Amino acid sequence: MSRPAPLAAQDYTDIQDLYAYYTLCSDAGDAEGFVSCFSADAELCIPTLSMSVRGHADLHRFKSGDKARRKGRVRRHWNSGLHLQHIDPATVRGQCYLHAYEAAPGQALVLVDMGVYEDTLVREDGEWRFSRREIRMDY
């Protein structure tokens, strides 16, 4: 596999921050923050659940519903092995592993999900955002 042209250091840092912010917002059930991580016409899909969500309004409904389904359970997830591939000045492909844990408040967290994020990121209004995020679960 040949190595793609590297990203500028600031772009790499900004994209790492996007991945971190997405995770924090997702775990907190912060629908507004979660949606801000996506381009206006973005798609989030999870093939193992036969799920696809497109656009800010549907992403907001999805995250609000996700928070409600948890019924106060704590969720924490981590990304690792981030690899970014520079496609052009306004497009990057990203891939990383995910490990997600959940528990009732005060209980020890238990591993509930493992998988891979496969992403397309675009620069929109000067900021990097996910335009397509596919979550491939390991089950």
Side-chain angles (χ1 to χ4, degrees):
M1 174 187 311
S2 64
R3 294 197 43 97
L7 284 167
Q10 188 61 56
D11 288 332
Y12 191 87
T13 300
D14 291 347
I15 291 170
Q16 279 187 312
D17 188 58
L18 173 66
Y19 274 81
Y21 186 67
Y22 168 93
T23 301
L24 292 169
C25 291
S26 182
D27 289 350
D30 175 356
E32 288 79 21
F34 178 82
V35 168
S36 76
C37 296
F38 292 89
S39 64
D41 63 347
E43 179 183 23
L44 171 67
C45 57
I46 307 174
T48 54
L49 300 178
S50 299
M51 188 199 90
S52 179
V53 180
R54 183 179 290 277
H56 282 178
D58 285 343
L59 286 161
H60 193 282
R61 275 191 289 281
F62 165 76
K63 183 46 58 185
S64 296
D66 178 56
K67 181 179 181 180
R69 278 188 296 280
R70 280 192 244 149
K71 298 180 180 173
R73 294 178 61 81
V74 175
R75 181 164 179 91
R76 299 286 181 261
H77 76 275
W78 285 265
N79 297 331
S80 65
L82 178 63
H83 175 71
L84 300 174
Q85 182 181 8
H86 192 199
I87 304 303
D88 62 46
T91 310
V92 168
R93 288 224 172 81
Q95 186 176 39
C96 69
Y97 298 118
L98 73 98
H99 315 86
Y101 301 80
E102 276 190 16
Q107 300 294 309
L109 293 167
V110 175
L111 180 66
V112 294
D113 288 321
M114 290 178 63
V116 176
Y117 286 114
E118 294 181 8
D119 304 312
T120 302
L121 300 100
V122 295
R123 188 186 311 269
E124 183 179 82
D125 299 327
E127 294 188 26
W128 289 101
R129 293 192 170 91
F130 297 109
S131 66
R132 186 169 196 284
R133 177 151 249 218
E134 185 169 319
I135 306 172
R136 295 201 169 272
M137 302 308 247
D138 290 339
Y139 51 80

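Computed over heavy atoms, backbone and side chain alike; hydrogens, waters and symmetry mates excluded. All of these numbers come straight from a predicted model, not from anything done at the bench.
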Exam field: side chain D14 to backbone E127, donor-acceptor pair closer than 3.5 Å
no
With sequence neighbours left out, what residues match Q16 under side chain to side chain donor-acceptor pair (under 3.5 Å)?
none
Y117 reachable from M114 in the ILVMFWY side-chain graph, under 4.5 Å edges:
no
Keeping the roles fixed (side chain from H86, backbone from R93), state whether a donor-acceptor pair exists under 3.5 Å.
no
If two hydrophobic side chains count as joined below 4.5 Å and joins carry through other members, does V116 share a cluster with V92?
no
Which heavy atom in S39 sits nearest to a heavy atom in H56, and how many Å separate them?
O-NE2, 3.2 Å
Using the ring of each side chain (for Trp, its six-membered ring), is F62 parallel, tilted or perpendicular to F34, with breaks at 30° and 60°?
tilted
Which pair of heavy atoms, one from Y19 and one from Q95, lies closest together, and at what distance?
OH-N, 4.0 Å
Heavy atoms from other residues, nucleotides or ligands near NZ of K63 exceed 12 (cutoff 6.0 Å)
yes
With distance as the sole test, does S131 use its side chain to make a donor-acceptor pair with the main-chain N or O of T120 at under 3.5 Å?
yes
Under 4.5 Å between side-chain heavy atoms, hopping through other hydrophobics if needed: is there a path connecting Y21 to I15?
no
Please state whether the rings of F38 and F130 are parallel, tilted or perpendicular, taking 30° and 60° as the class boundaries.
tilted
Do Y101 and Y97 belong together in a cluster built from hydrophobic side chains that touch within less than 4.5 Å?
no
State whether the side chain of S26 and the backbone N or O of T23 hold a donor-acceptor pair below 3.5 Å, judged by distance alone.
no
Tell me whether R129 contacts the main-chain N or O of A40 through its side chain, where contact means a donor paired with an acceptor under 3.5 Å.
no
